Enquirer: 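Sharing a structure below in structure tokens format, with a few things to ask.
Since we're looking at a predicted model, the values are computed, not measured.
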Amino acid sequence: MPLRQVKLAVLLCTATLVAGCGGGGDDGSDAKASPSQSPSVSASAQGSEAAADPLDAAGLKSAALSGTEVDGFQITDFPAKPAGGGTARPAACQALENMRTASPEPAPKQFLGLLAYATAGSSAGSATTIGLMAYDQPDAEGVLDGLRTALKDCTAYAGGVPAPTTVKSATAPDAGDDAVAFDLRTQGDSSDAFVVVRSGATVVMFYAVSGTGSPAEVPAELVSAQLGKLKQA
């Protein structure tokens with residue numbers, strides 16, 4: 001199920017929740033030189049990080065947020081599996097389109113999807129899709145490297161969505177072992193925010209859409225909580 005459809009579903013579910021009908025529960029080691037990556041990437045790049053084993057389905061489930069674990073959010077499973085996206089033109093943008101549809105290359109060994117609805121605070125009225133993806137660690141590292149390369153070479157692309165999409169790098173959080181952040185804005189729509197973090201052999205995608213028409217922002221508390229739980233798995 002392409003994430004553009006997921007976005008519509010998220011907004012619909014968010015509207016239902018607000019109405020009271022919802023259910024429960026550039027390369028380098030210096031982040032200032034490259035706002036789209038986390039400073040923690042330097043340790044990995046120097047080879048000081050021991051390779052982690054990929055999580056199995058049960059491990060991903062144990063590592064995933066659920067219910068009301070994070071104050072101000074209602075988190076539910078999203079069982080639909082990614083079905084792939086379109087072909088980006090130019091090809092330099094393909095890694096971004098793949099992440100937009102939660103279908104990175106290579107495909108993960110295991111995938112688990114969540115939806116987090118903001119019920120209070122500054123994020124109220126927004127929703128965030130969380131995708132946990134289990135890899136062999138070299139492949140996990142490659143996913144982040146591919147995104148970073150794409151963000152250097154891609155400013156806009158066609159394909160995958162009905163209208164041209166512009167690309168903007170964003171400041172990545174200091175989270176996990178490596179992190180990349182960017183915004184995608186399809187013509188005629190508000191921007192969507194992406195944060196992609198690698199922790200060991202697991203890649204976590206956060207994809208935030210706004211139900212208010214304003215630019216979306218991935219809630220920092222969601223990233224922190226999910227990465228913290230993953231680290232304990």
Enquirer: Are Gln110 and Pro54 packed together at the side-chain level, in the sense that at least one heavy-atom pair is separated by less than 4.5 angstrom?
Expert: no
Enquirer: Which heavy atom in Cys93 sits nearest to a heavy atom in Ala156, and how many Å separate them?
Expert: SG-O, 3.6 Å
Enquirer: Whether the side chain of Gln94 engages the backbone of Ala88 through a donor-acceptor N/O pair (distance < 3.5 Å, no angle test) should be reported.
Expert: yes
Enquirer: Report yes if some heavy atom in the side chain of Arg100 is under 4.5 Å from a heavy atom in the side chain of Phe194; otherwise report no.
Expert: yes
Enquirer: If we ignore hydrogens and angles and just use 3.5 Å, is the side chain of Asp56 paired with the main-chain N or O of Ala58 as donor and acceptor?
Expert: yes
Enquirer: Are Val204 and Ile130 close enough that some pair of their side-chain heavy atoms sits under 4.5 Å apart?
Expert: yes
Enquirer: Tell me if a side-chain donor or acceptor on Glu69 pairs with a main-chain N or O of Gln74 at a distance below 3.5 Å.
Expert: no
Enquirer: About how many Å separate CZ of Phe73 and OG of Ser126, when rounded to the nearest 0.5 Å?
Expert: 6.0 Å
Enquirer: Before you tell me yes or no, could you show the steps for Val70 and Leu65 under side chain to side chain contact (heavy atoms under 4.5 Å, CB included), namely the whole-Å CA-CA distance, both residues' side-chain angles and the distance that decides it to 0.1 Å?
Expert: CA-CA 8 Å; Val70 185; Leu65 294 172; 3.9 Å; yes
Enquirer: With a sphere of 6.0 Å drawn around CD of Glu217, does it hold more than 12 non-hydrogen atoms of other residues, nucleotides or ligands?
Expert: no
Enquirer: Would you confirm whether Thr186, through its side chain, and Ala163, through its main-chain N or O, come within 3.5 Å as a donor-acceptor pair?
Expert: no
Enquirer: Can you check whether Val195 reaches Pro173 side chain to side chain, under 4.5 Å on heavy atoms?
Expert: yes
Enquirer: Indicate yes or no: at least one non-hydrogen side-chain atom of Asp192 is less than 4.5 angstrom from one of Tyr207.
Expert: yes
Enquirer: Please report the shortest heavy-atom distance between Ala150 and Ala95, naming the atom on each side.
Expert: CB-CB, 4.2 Å
Enquirer: In the structure I gave you, are the side-chain heavy atoms of Asp77 and Lys61 within less than 4.5 Å of one another anywhere?
Expert: yes
Enquirer: Dump the intermediate steps for side chain to side chain contact (heavy atoms under 4.5 Å, CB included) on Met99 and Val143, then the final yes or no.
Expert: CA-CA 9 Å; Met99 189 57 68; Val143 169; 3.8 Å; yes
Enquirer: How long is the straight-line distance from CG of Asp189 back to OG1 of Thr165, given to the nearest 0.5 Å?
Expert: 9.0 Å
Enquirer: With distance as the sole test, does Lys229 use its side chain to make a donor-acceptor pair with the main-chain N or O of Ala63 at under 3.5 Å?
Expert: no
Enquirer: Can you check whether Thr101's main-chain N or O pairs, donor with acceptor, with Ser103's side chain at less than 3.5 Å?
Expert: yes
Enquirer: With side chains defined as the heavy atoms from C-beta onward, is the minimum distance between Cys154 and Leu96 less than 4.5 Å?
Expert: yes
Enquirer: Is a side-chain N or O of Thr149 found less than 3.5 angstrom from the main chain of Asp145, in a donor-acceptor match?
Expert: yes
Enquirer: Tell me the closest heavy-atom pair linking Leu144 and Val196, and the distance in Å.
Expert: CD1-O, 3.5 Å
Enquirer: When rounded to the nearest 0.5 angstrom, what distance separates CG in Asp136 from CG in Asp53?
Expert: 8.5 Å
Enquirer: Using side chain to side chain contact (heavy atoms under 4.5 Å, CB included), reason through Arg198 and Gln137 one step at a time and then give a plain yes or no.
Expert: CA-CA 9 Å; Arg198 180 182 66 80; Gln137 187 160 318; 3.8 Å; yes
Enquirer: What do you reckon, is NZ of Lys168 surrounded by more than 12 foreign heavy atoms closer than 6.0 Å?
Expert: no
Enquirer: Evaluate the side chain to side chain contact (heavy atoms under 4.5 Å, CB included) criterion for residues Thr166 and Asp183: first the C-alpha distance (whole Å), next the side-chain angles of each, then the deciding distance (0.1 Å), finally the verdict.
Expert: CA-CA 8 Å; Thr166 57; Asp183 295 336; over 6 Å; no
Enquirer: Less than 4.5 Å apart, any side-chain heavy atom of Leu222 and any of Ile75?
Expert: yes
Enquirer: Using 0.5 Å steps for rounding, measure from the CD atom of Gln226 to the OG1 atom of Thr202.
Expert: 9.5 Å
Enquirer: What are the two closest heavy atoms between Gly200 and Ala140, and how far apart are they?
Expert: O-CB, 4.2 Å
Enquirer: Before accepting this row, confirm whether a basic side-chain N of the pair Asp139/Lys109 lies closer than 4.0 Å to the acidic partner's carboxylate O.
Expert: no
Enquirer: For Val218 versus Ala193, what's the shortest heavy-atom pair and its separation?
Expert: CG2-O, 3.6 Å
Enquirer: What distance separates Leu132 CG from Leu112 CG, expressed to the nearest 0.5 Å?
Expert: 6.0 Å
Enquirer: Shortest non-hydrogen contact from Ala175 to Val223?
Expert: CB-CG1, 4.2 Å
Enquirer: Which residues satisfy the ring pair (Phe, Tyr, Trp, His ring centres under 6.0 Å) test with Tyr157, sequence neighbours excluded?
Expert: none
